[in-house]
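Take a look at the structure set out below.
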Amino acid sequence: MTTITRNLPWFIRDTGTSIIGTECYTSLVENLDIQDVECLKYSLSKALGIGIVVGGSVMKLPQLLLILRGRSARGLSLSAYILETLAYGINLSYSFRNMFPFSTYGENLFLTVQNILITFLIIFYTPSLRHARRRRNAQLSYALLGLLVGILIVCYSSMPILAFLQLSTLPLSLTSKVPQIRQNYRFQSTGQLSAFAVGSQVVGCLARLFTTATEVGDWLVSAGFALALVLNGVLGVQLWIYWGKDVDERSDDYEIDGTAENARANAASYAPWQTQSFYRVGTPPLPASGGNIRRGTRKGAVDMV
């Protein structure tokens, strides 16, 4: 068997050595030494990392298709996606500037791009802005400006500042998931939240804990994945509990400035009879007591006689 593995085509040999290194390729492939635990762990980590990067490139596509197909982003929290996108961008920049292997963080590049698109779609399909084109365009412009400023800050920050930003991804991860968890609990529905995306994030966090411990050894990155695993697990439980339940379009709670809650409060306190437009033109409001009407009618009859 070793005669075959030592004479594999050059493109297989070059690909293998570029992924797991010459030492591990020689040990595991050419010599078939399956007792080399360190190379086995390293090769498994590389395989998981490449799989996560490939999976991350399509992880949020089902969510994008759900929004576009339904022309609605109900059940999705705008603040949650903004904070999650910021956390992805910081982790991407931190890992790139520290020259970590691309297989340990590459999915963050694709997830950042996909999250940016989802964030713009949430703003575009917000019910309170759907018929207010000028206000909606203003919100989209603010989001684009914030995106550009964030990219400049993350890309040109010094390493100490970038390390502090990476540490800040821990509370960012917490605050990015809490609004979505709270919204799901409030409406007893997950709306347009994609089960595929949440499930993929749970599996990806588990795999990333292993690959980070094996190849990077950075506790900041590991802590971020551990916290994300717990919060994505909560979202997964909510998807299971609220599966099949839907929320009415009018009860969406992802408006940018809380206009939906104000509208509902005004509607609840509105009494049409308290306005003059309730009465017909030329008809005076009814008096408070019906007895006055009868007495007034009798008096009018006597005067006519």
Side-chain angles (χ1 to χ4, degrees), residues 47-89 91-92 102-126 169 172-212 224-247 249 252-254:
L48 287 174
I50 294 173
I52 294 171
V53 172
V54 173
S57 64
V58 297
M59 183 182 295
K60 296 298 183 77
L61 288 183
Q63 185 69 78
L64 283 166
L65 293 176
L66 277 175
I67 298 174
L68 293 173
R69 189 178 300 141
R71 301 182 66 83
S72 169
R74 68 180 186 274
L76 300 181
S77 172
L78 177 65
S79 59
Y81 268 91
I82 290 175
L83 294 173
E84 186 180 60
T85 305
L86 183 59
Y88 282 148
N91 186 270
L92 173 65
F102 185 75
S103 60
T104 63
Y105 69 90
E107 76 280 1
N108 285 331
L109 172 62
F110 303 107
L111 291 175
T112 300
V113 174
Q114 293 171 73
N115 263 21
I116 290 172
L117 294 177
I118 292 174
T119 300
F120 284 126
L121 286 176
I122 292 176
I123 298 174
F124 186 81
Y125 287 119
T126 297
T169 58
L172 273 178
S173 298
L174 178 63
T175 53
S176 69
K177 298 297 182 182
V178 167
Q180 185 69 66
I181 294 172
R182 175 180 172 273
Q183 182 167 298
N184 294 342
Y185 176 76
R186 179 179 179 183
F187 292 111
Q188 301 291 295
S189 170
T190 54
Q192 297 288 71
L193 189 63
S194 171
F196 175 81
V198 174
S200 299
Q201 286 179 313
V202 171
V203 175
C205 288
L206 282 171
R208 272 292 169 239
L209 285 173
F210 176 76
T211 60
T212 303
F225 285 125
L227 182 58
L229 174 63
V230 173
L231 297 173
N232 282 312
V234 174
L235 286 176
V237 172
Q238 286 185 325
L239 276 169
W240 177 69
I241 294 175
Y242 303 140
W243 188 261
K245 298 181 181 179
D246 202 358
V247 60
E249 180 77 17
D252 284 339
D253 193 36
Y254 54 86

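Owing to the predicted nature of the structure, the values given are computational and were not obtained by experimental measurement.
Applying the salt bridge (charged side-chain N to carboxylate O under 4.0 Å, His left out) rule to pairs touching residues 108-122 yields nothing, sequence neighbours excluded. Every pair passing salt bridge (charged side-chain N to carboxylate O under 4.0 Å, His left out) that includes a residue from residues 197-208 is listed here, sequence neighbours excluded: E107-R208. For the salt bridge (charged side-chain N to carboxylate O under 4.0 Å, His left out) condition, no pair includes a residue of residues 227-239, sequence neighbours left out.
Listed here is the closest heavy atom pair of Q183 and S77: NE2-N, 4.0 Å. Looking at every heavy atom in both residues, L111 comes nearest to G56 through CD2-O, 3.8 Å. The shortest non-hydrogen separation linking A195 to L239 is CA-CD1, 3.7 Å. Across V202 and L229, no two heavy atoms sit closer than the pair O-CD1, 3.6 Å. Closest approach of N115 and K60 over heavy atoms only: OD1-NZ, 2.6 Å.
Contact check for I118 versus Q63: side-chain heavy atoms found under the 4.5 Å cut-off. Contact annotation: the side chain of L76 approaches that of I67 to within less than 4.5 Å [non-hydrogen atoms, C-beta and beyond]. Y185 is listed as a side-chain neighbour of Y242, based on a closest heavy-atom distance under 4.5 Å. Using a 4.5 Å heavy-atom threshold, the side chains of Q201 and F196 count as separate. Contact check for I82 versus T119: side-chain heavy atoms found under the 4.5 Å cut-off.
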Q) Does the side chain to side chain contact (heavy atoms under 4.5 Å, CB included) test come out yes or no for V53 and I50, once each step is laid out? A) CA-CA 5 Å; V53 172; I50 294 173; 5.7 Å; no
Q: Assess whether side chain to side chain contact (heavy atoms under 4.5 Å, CB included) is satisfied between N232 and C205, documenting all intermediate values.
A: CA-CA 9 Å; N232 282 312; C205 288; 3.9 Å; yes
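Residues that satisfy the side chain to side chain donor-acceptor pair (under 3.5 Å) test with Q238, not counting sequence neighbours, are N184. Looking at residues two or more places apart in sequence or on another chain, you find a ring pair (Phe, Tyr, Trp, His ring centres under 6.0 Å) between Y105 and F102. Partners of I241 according to the side chain to side chain contact (heavy atoms under 4.5 Å, CB included) rule, which considers only residues two or more places apart in sequence or in another chain, are V237.
Expressed to the nearest 0.5 Å, how far CG of L231 lies from CD of E84 amounts to 10.0 Å. The structure places CG of L78 at 11.5 Å from CG of L121, a figure rounded to the nearest 0.5 Å. Rounding to the nearest 0.5 angstrom, the gap separating the CE atom in M59 from the CD1 atom in I52 is 8.0 Å. Going from atom CG of L61 over to atom CG of L68 covers 10.5 Å, rounded to the nearest 0.5 Å. Rounded to the nearest 0.5 angstrom, I123 CD1 and F120 CZ are separated by 6.5 Å. For the atom pair F210 CZ and F225 CZ, the distance stands at 14.0 Å (nearest 0.5 Å).
Side-chain N or O atoms of Q114 include one that pairs as donor or acceptor with a backbone N or O of F110 at under 3.5 Å.
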